[in-house]
Amino acid sequence: MTSFDSTKISLQDLLKDILVGKIQLPDFQRGWVWDDDHVRSLLVSIARSFPVGAVMLMETGGDVRFETRTVEGIDAHAVKSPPEKLILDGQQRLTSLTQAIALKTPVDTRTAKGKPIRLHYYFDIRMALEGEDRLEEAVVAVDENRQKRSDFGRKVDLDLSTRQLECEQLHFPCDAILDDAQWLQDLFQFNPGAMAEFLEFKKRILGAFVAYHLPVIELKKETSKEAVCLVFEKVNTGGVQLSVFELITASYAADGYNLRDDWFGSDIRKVASRKARFEQHDLLKDVQNTDLLQAITLLHTRERKLLDIADGKRGKEVRPVSAKRASVLDLPLSAYKDWVDKVEAGFVEASRFLLKECLYSRRELPYATQIVPLAAVLTLLGNRWREPRIYQKLSRWYWCGVLGELYGGAVETRIALDLEELMNWFEEDDALPRTVTDASFDPDRLDSLRSRLSAAYKGLNVLILREGAEDFFWKAGIQELDNQGIELDIHHIFPRTWCEAQGIPPRLYDSIINKTPISYKANRMIGGDAPSKYLEALQDHKQVQLNDAEMDRILSTHQIPTEALRANDFEGFYAQRKRQLLGIIEKAIGKKVLPESAAAADTVS
């Protein structure tokens with residue numbers, strides 16, 4: 001069965017249905033934004049019988065319900081019955097035509113520079129009859145008082161403020177296009193000598209509007225919510241992606257629930273902002289409303305699956321745990337209400353877990369996507385995640401996802417699997433989650449980690465901090481300094497300038513193997529000097545005063561081989577630090593990444 005029909009509907013019939021509210025907009029549609037130039041161009045195109053594109057409508061009355069609103073300019077209070085169809089594509093064109101030719105009120109539009117203006121549109125009859133190439137000039141816009149002024153409003157260039165003035169100057173109002181009978185009578189009274197010109201104008205121009213048909217694609221009421229969302233995005237000429245949140249907001253509003261107020265807050269209703277509560281936690285500042293919806297969907301579908309199993313269903317009868325878009329779009333309002341506060345608390349617990357893992361700010365997070373299953377799991381666990389046995393497993397899973405680089409790209413399937421498999425693993429030690437078994441780390445990956453945007457790069461940097469890295473200059477923990485607002489960054493251990501002078505290629509000296517987090521003060525003292533030289537300067541500084549053993553201890557907290565560093569031996573340093581970094585990776589993911597024999601043979605090429 002096809003999910004749509006295609007036909008042609010006259011412009012007159014479309015506008016009539018819009019006027020009485022038979023055709024409306026789903027509330028996820030954004031506001032009308034066309035400017036004066038677009039409106040004029042549209043009127044000229046129809047006057048010349050040019051195609052202006054297809055319109056897409058959707059039947060109402062199916063399972064997919066949205067909050068709706070009338071097209072801009074239509075008095076919603078005057079609409080007596082619910083809509084029969086909703087506009088999915090063509091909003092800008094239909095709204096422009098509704099305001100310009102179907103309503104007597106001024107068109108609320110804007111200039112090309114975005115300044116709001118209210119205009120009435122006219123056809124200069126005599127100019128329109130000079131030929132199609134004059135039609136663009138023939139479309140005239142006047143202000144809400146039906147006048148055109150210059151000299152900062154002091155001079156009236158065109159006055160059409162009465163019907164007599166319109167008839168005398170032969171300017172036909174576009175808001176009379178659908179019904180010109182009264183204007184014709186008034187012309188006969190005020191300017192009978194122009195009747196022949198008007199009748200020719202009526203035949204050529206008004207006739208084009210009356211005869212104009214738009215191609216219309218109608219989606220049937222059986223169309224799914226996901227399909228509506230995808231279709232809207234494909235045809236949306238504005239180029240702005242329709243989010244799941246907007247679509248669900250319109251769906252929940254049909255049941256009287258304001259999802260926007262729940263997330264963004266409302267001064268009118270004095271509703272607290274859930275978004276603001278998330279932003280109280282640095283690690284949750286960038287959590288999106290769609291992340292919250294996805295986590296709730298995970299838990300709702302898991303609960304549904306457990307009920308199916310309890311009811312004796314088997315195989316394909318059991319509905320799966322899912323984080324896919326279609327499942328989020330099908331999230332019932334009742335499930336949202338049941339879970340939302342619990343899941344919000346789960347996100348807060350997720351931020352506490354991440355703090356325990358030494359992630360202190362959003363910019364340090366390797367994957368934002370991994371917070372969703374983490375929050376869902378912690379919603380179910382509550383305080384149990386702090387139990388040593390559970391915490392160790394949760395930590396291992398997290399670092400397997402990061403260092404295995406498993407949470408980039410499309411991860412909906414992994415998110416759902418991780419929720420189920422983690423909960424099983426907490427009860428059964430042998431039931432390893434796929435993310436743990438799938439995770440692997442190629443030692444050569446360390447050589448190629450140069451971008452601080454990489455998840456593995458961020459993760460390894462955090463692991464160094466978690467091992468207790470101290471600053472070369474301030475002799476305090478890097479995390480402690482970060483909390484005190486000391487400016488920190490990731491810098492070269494063997495300085496770039498020195499490496500270039502020695503002929504060491506960027507692929508080696510820019511690798512994370514030759515980088516570590518230190519303060520701006522330490523980095524300035526390092527400059528471009530050889531390690532043996534800058535270490536001596538650092539140790540002798542009056543604010544530092546460290547002997548070799550004390551400085552070596554600080555260097556070791558960064559997994560830096562001190563002997564090779566002090567000897568300015570880049571090759572030896574590189575090979576040894578690589579092995580040490582692999583050691584903390586193995587510790588984090590709970591598995592070997594490099595056999596000892598290969599590690600011993602590892603050298604800088």
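Numbering starts at 1 and runs along the sequence shown.
Counting only heavy atoms from C-beta outward, the side chains of E412 and I415 never approach each other to under 4.5 Å. Between H281 and F347 the shortest side-chain heavy-atom distance does not fall below 4.5 Å. Annotation: side chain of R452 is not in contact with side chain of I512 (no heavy-atom distance under 4.5 Å). Between P26 and T68, every side-chain heavy-atom pair lies at or beyond the 4.5 Å cut-off. Contact annotation: the side chain of K458 never approaches that of E364 to less than 4.5 Å [non-hydrogen atoms, C-beta and beyond]. For the pair R566/M551, a side-chain contact is recorded, criterion being any heavy-atom separation below 4.5 Å from C-beta on. Counting heavy atoms from C-beta outward, Y574 and I493 have side chains that stay 4.5 Å or more apart. Contact annotation: the side chain of D548 never approaches that of T562 to less than 4.5 Å [non-hydrogen atoms, C-beta and beyond].
The CG atom of L535 sits 8.0 Å away from atom CG of D552, with the distance rounded to the nearest 0.5 Å. A distance of 9.5 Å separates CG of L460 from OG of S454, quoted to the nearest 0.5 Å. To the nearest 0.5 Å, the span separating CD1 on I513 from CG on L446 amounts to 5.0 Å. We find the CZ-CG distance between R260 and N289 to be 10.0 Å, quoted to the nearest 0.5 Å. How far CG of L465 is from CD of E357: 12.5 Å, rounded to the nearest 0.5 Å. Interatomic distance, S322 OG to L298 CG, rounded to the nearest 0.5 Å: 7.5 Å.
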Problem - From CA spacing to verdict: salt bridge (Lys or Arg N to Asp or Glu O under 4.0 Å), R434, E421 - result: CA-CA 8 Å; R434 221 158 306 185; E421 293 175 355; 2.8 Å; yes
Exercise for the section: Determine, step by step, whether T516 and F472 satisfy the side-chain contact (heavy atoms from CB on, under 4.5 Å) criterion, reporting the C-alpha distance in whole Å, the side-chain angles of both residues, the deciding distance to 0.1 Å, and the verdict. Expected result: CA-CA 11 Å; T516 201; F472 297 175; 4.2 Å; yes
Practice task
List the steps, then state whether side-chain contact (heavy atoms from CB on, under 4.5 Å) holds for Y360 with L283.
Solution key: CA-CA 7 Å; Y360 288 87; L283 288 166; over 6 Å; no
Practice task
Begin from the C-alpha positions of D262 and Y252 and carry the test side chain to side chain donor-acceptor pair (under 3.5 Å) through to its verdict.
Solution key: CA-CA 11 Å; D262 180 69; Y252 286 178; over 6 Å; no
Exercise for the section: Test K324 against T413 for side-chain contact (heavy atoms from CB on, under 4.5 Å), laying out the working first. Expected result: CA-CA 7 Å; K324 293 183 178 178; T413 299; 3.8 Å; yes
Exercise for the section: Take W399 and V462 through the test side-chain contact (heavy atoms from CB on, under 4.5 Å) and record every step on the way to the result. Expected result: CA-CA 11 Å; W399 290 108; V462 171; 3.8 Å; yes
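A donor-acceptor contact shorter than 3.5 Å links the side chain of R577 to the backbone of K515. S395 places no side-chain N or O within donor-acceptor distance of the main-chain N or O of Y391, the cut-off being under 3.5 Å. Under the 3.5 Å distance criterion, the side-chain polar atoms of T297 are matched with a main-chain donor or acceptor of L293. A donor-acceptor contact shorter than 3.5 Å is absent between the side chain of S251 and the backbone of I248. The closest donor-acceptor contact from the side chain of R396 to the backbone of G590 lies under 3.5 Å. Of the possible donor and acceptor atoms, one in the side chain of R450 sits under 3.5 Å from a partner among the backbone N and O of R507. For E470 (side chain) and I554 (main-chain N/O), no donor-acceptor pair under 3.5 Å exists by modelled atom type. In this structure, the side chain of Q543 does not engage the main chain of H541 through any donor-acceptor pair within 3.5 Å. The main-chain N or O of Y509 is found under 3.5 Å from a side-chain atom of N514 such that the two form a donor-acceptor pair. When atom types are taken as modelled, the side chain of T223 and the backbone of L219 share no donor-acceptor pair closer than 3.5 angstrom.
Between R384 and E427, at least one side-chain nitrogen of the basic residue sits less than 4.0 Å from a carboxylate oxygen of the acidic one, meeting the salt-bridge criterion. Salt-bridge annotation for K285 and D282: present, with a side-chain N of the basic residue lying under 4.0 Å from a carboxylate O of the acidic one. Salt bridge absent: D286 and R363 never bring a charged side-chain N and a carboxylate O closer than 4.0 Å. The pair E344-R274 meets the salt-bridge criterion, since a charged nitrogen lies less than 4.0 angstrom from a carboxylate oxygen. A salt bridge links E349 to R386: at least one charged side-chain nitrogen sits closer than 4.0 Å to a carboxylate oxygen.
Between N568 and W498, the shortest heavy-atom contact is O-CH2, 3.7 Å. Heavy atoms only, all atoms of each residue included: Q576 and P561 are closest at OE1-CB, 3.3 Å. In this structure, W385 and I390 approach most closely via the heavy-atom pair CA-CG2, 3.8 Å. The nearest pair of heavy atoms linking V402 to G459 is CG1-CA, 3.9 Å. Counting all heavy atoms, side chain and backbone alike, A375 lies closest to T379 at O-OG1, 2.7 Å. Taking all atoms of both residues into account, the shortest heavy-atom contact from Y534 to D529 is CD2-O, 3.6 Å.
Counting heavy-atom neighbours within 6.0 Å of K313 NZ, excluding the residue itself, gives a total above 12. Within 6.0 Å of atom CD in E563, 12 or fewer heavy atoms from other residues, nucleotides or ligands are found, so the atom counts as exposed in its surroundings. Heavy atoms from other residues, nucleotides or ligands lying under 6.0 Å from CD of E405 number more than 12. Surrounding NZ of K275 are at most 12 heavy atoms belonging to other residues, nucleotides or ligands under 6.0 Å away. Heavy atoms of other residues, nucleotides or ligands lying less than 6.0 angstrom from CZ of R362 number more than 12.
With no hydrogens or angles considered, no side-chain donor-acceptor pair links R304 and T301 at under 3.5 Å. Counting only N and O atoms by type, the side chains of D418 and T435 include a donor and acceptor under 3.5 Å apart. No hydrogens or angles considered: nothing links the side chains of H492 and N523 as a donor-acceptor pair under 3.5 Å.
A side chain to side chain donor-acceptor pair (under 3.5 Å) with E467 is found for one member of K587, Q580, H558 and no other, namely K587. Partner of S351 under the side chain to side chain contact (heavy atoms under 4.5 Å, CB included) criterion, out of L378, L359, I371, L284: L284 alone.
Below 30°, between 30° and 60°, or above 60°: for Y407 and Y367 the angle between ring planes is between 30° and 60°, a tilted geometry.
A ring-centre distance under 6.0 Å is found for F278 and W263. Side-chain rings of F494 and F573 approach one another, their centers coming within less than 6.0 Å.
The cationic group of K393 does not satisfy the cation-pi geometry with F426, failing either the under 6.0 Å distance to the six-membered ring centre or the 45° limit from the ring axis.
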